[in-house]
Amino acid sequence: MVNLLTAFGRRVARIVNGLALQVRIVLALADRDFFMRAEKGSFGVWGVLFEPLALMLTLLALRILVRMKTVDLMNPLIWLACGVTMLFLFKKIAIKALTGVARGQKMFFYRRIRPLDTLLASALIEARLHASILVLIFISESFWFWRIQLDDPGLALIDFIVTVMLAIGIGVSALVIGHRIPIVKTLTKFGLNRILLWTSGIFFATYTLPGPTRPLVTWNPLLHSVEILRHSINNAYPIPDISLDYLLTCAFLSCGFGLIFYFSNEALLLSDD
Amino acid sequence: MSRTLIELTRACREESLPRGRSRCLLKDVSFALREGQKVAVFSDFNKSANALLECASEVAPLQSGKVEIRANVSWPLPSRGALEGVMTGRQNAKFLQAVYGTPGEEYEQIARIEELAALEPGCFDQRMKSWGPLMRARFDVAVSLVFDFDVYIISKRFPWSQPTRPQLETLVREAFERRVSGKTLLLFHQDEEFLGRYCDEAIVISDCQIAYKGSFPDAQKWFHLNITKSRIEDDSQDQEIEDSSPELIEESPDEVQLW
């Protein structure tokens, strides 16, 4: 019995040590990625944050100028920022996952660094950047109107994390399948760049769509993510046909499949790229 | 019986040459490195020995065959690796410390790298691309002596002998001895005294295959009797190819005094 417990304890310790090592590696890679971006960009460390922020603000300004009042229930800036930030976050993580293994090839010189670590590191840095952008816009808006409205911060946090998971899952799945069938990579890039932009609720609210047309867009889990984020800011914001369960299911399924595909093809990813 | 840490099974590796040609470096090599073994590599062709080290540390992929690694194996020390020139020495050291270092010893290990690299004051916090090639090579050596591995794979670039700076040579030798004591070693170097000092076994690679395996003195004798002559001819061919590639010259500071 004692031997069994000792063996079990050793096994648990090994798993915990392995996880701690992976966390250290992912954090180190994310820091390295951040330094590299800061060194290569024109504005240093701040440029890493302000370059995507400037891009988003331009998009938001154009949209707000075209149509000042988007929905009655929320400030149009926050309403649009929720959509644009989540779309950019998703696109960047998923597209980087598609090309990340080839770009991170140099790092695999160090045996401890696996392709998944580089993908997780780039997802981490994108998540940090986009979360900072969202918080910055939210704080600015709160100061401007001198009121803070965030009805369900827990839901907002869960929604954000699940969206990151979804992006990683879809990116990794497409990467591995795309390695076997290259057209999948091209189609995924096309889908991420075009179809998602028009079906993710960036420029419309689901409740404004007529009931029969909703299924045309509600298949898209990113729409659920965007709408749930808006709902978490103002609980009065209606979200018909939108559910966190659907988003969670899509995220877990894509992550699960992605990881299964990845672990059964890791050697192929390393040798081919 | 000690466990096998690295196992190559029917490993084949080729290198690409200009104009679509390729050259075989390893052909059907099967080799196992067990815990505690200290094995030297003699070879009639330097690139074959390097290929063996690279495949054993999984730095380079095999064309066919299999390599199984069941331990924390170093990269071929002191290779340049994937350090970034746009980052400072400290940032690169911090990155490698996170990957290979001991948790909780960040400051000590980074300070040790700084000490062993013996850079000019302030250089450690400057971008590595502003460093000279010797500073960079010293940094590579320092990094390779700080982290703990189960298996150390040492390439011919390791600066064992630095007669112009005896103090630093002693520092590096002490650090090296402390690191490899009791560890498994796979060593390829031009300096046979260095090989003989640390290895009790050896393999001889000839014509891309393992031609001899045995105790170090026997393998050394076998190598000199059967291989050395052809090696000189092959080395001149090898040199011709290296002469045409400036990148390779930069990558081979093994003949240079680093300190």
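Bear in mind the structure is a predicted one, so any value in this text is a computation, not a measurement. Both backbone and side-chain heavy atoms feed into the values below; hydrogens, waters and symmetry mates do not. Naming convention: chains lettered A, B, ... in sequence-line order (proteins, then strands); numbering from 1 in each chain.
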Parallel, tilted or perpendicular for A:Tyr110 and B:Phe95, by the 30°/60° rule?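 The arrangement is perpendicular - the two ring planes meet at more than 60°.
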Ignoring hydrogens, what is the shortest heavy-atom contact between B:Val86 and B:Arg127? Give both atom names and the distance.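 Scanning both residues, the minimum pair turns out to be O-CG, 3.4 Å.
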Which atoms of B:Leu83 approach chain A - backbone, side chain, both or neither, heavy atom under 4.5 Å: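 For B:Leu83, the contact with chain A is made by backbone and side chain together.
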For B:Ser74, is it the side chain, the backbone, both, or neither that has a heavy atom closer than 4.5 Å to a heavy atom of chain A?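 For B:Ser74, neither part sits under 4.5 Å from chain A.
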I'd like to verify something: which residue of A:Arg24, A:Lys106, A:Arg112 has the highest number of heavy-atom pairs under 4.5 Å with chain B?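 Option with the top pair count is A:Arg112.
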Side chain, backbone, both or neither: which part of A:Leu29 has a non-hydrogen atom closer than 4.5 Å to chain B?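 It is both, since atoms from each part get that close.
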I'd like to know whether the aromatic ring centres of B:Tyr152 and B:Phe176 sit less than 6.0 Å apart in this structure.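 That pair fails the under 6.0 Å test.
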Please say whether the positively charged group of A:Lys91, taken as NZ for Lys or CZ for Arg, lies over the ring of A:Phe88, i.e. under 6.0 angstrom from the six-membered ring centre and within 45 degrees of the axis.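 Yes; both conditions hold, so A:Lys91 lies above the ring face of A:Phe88.
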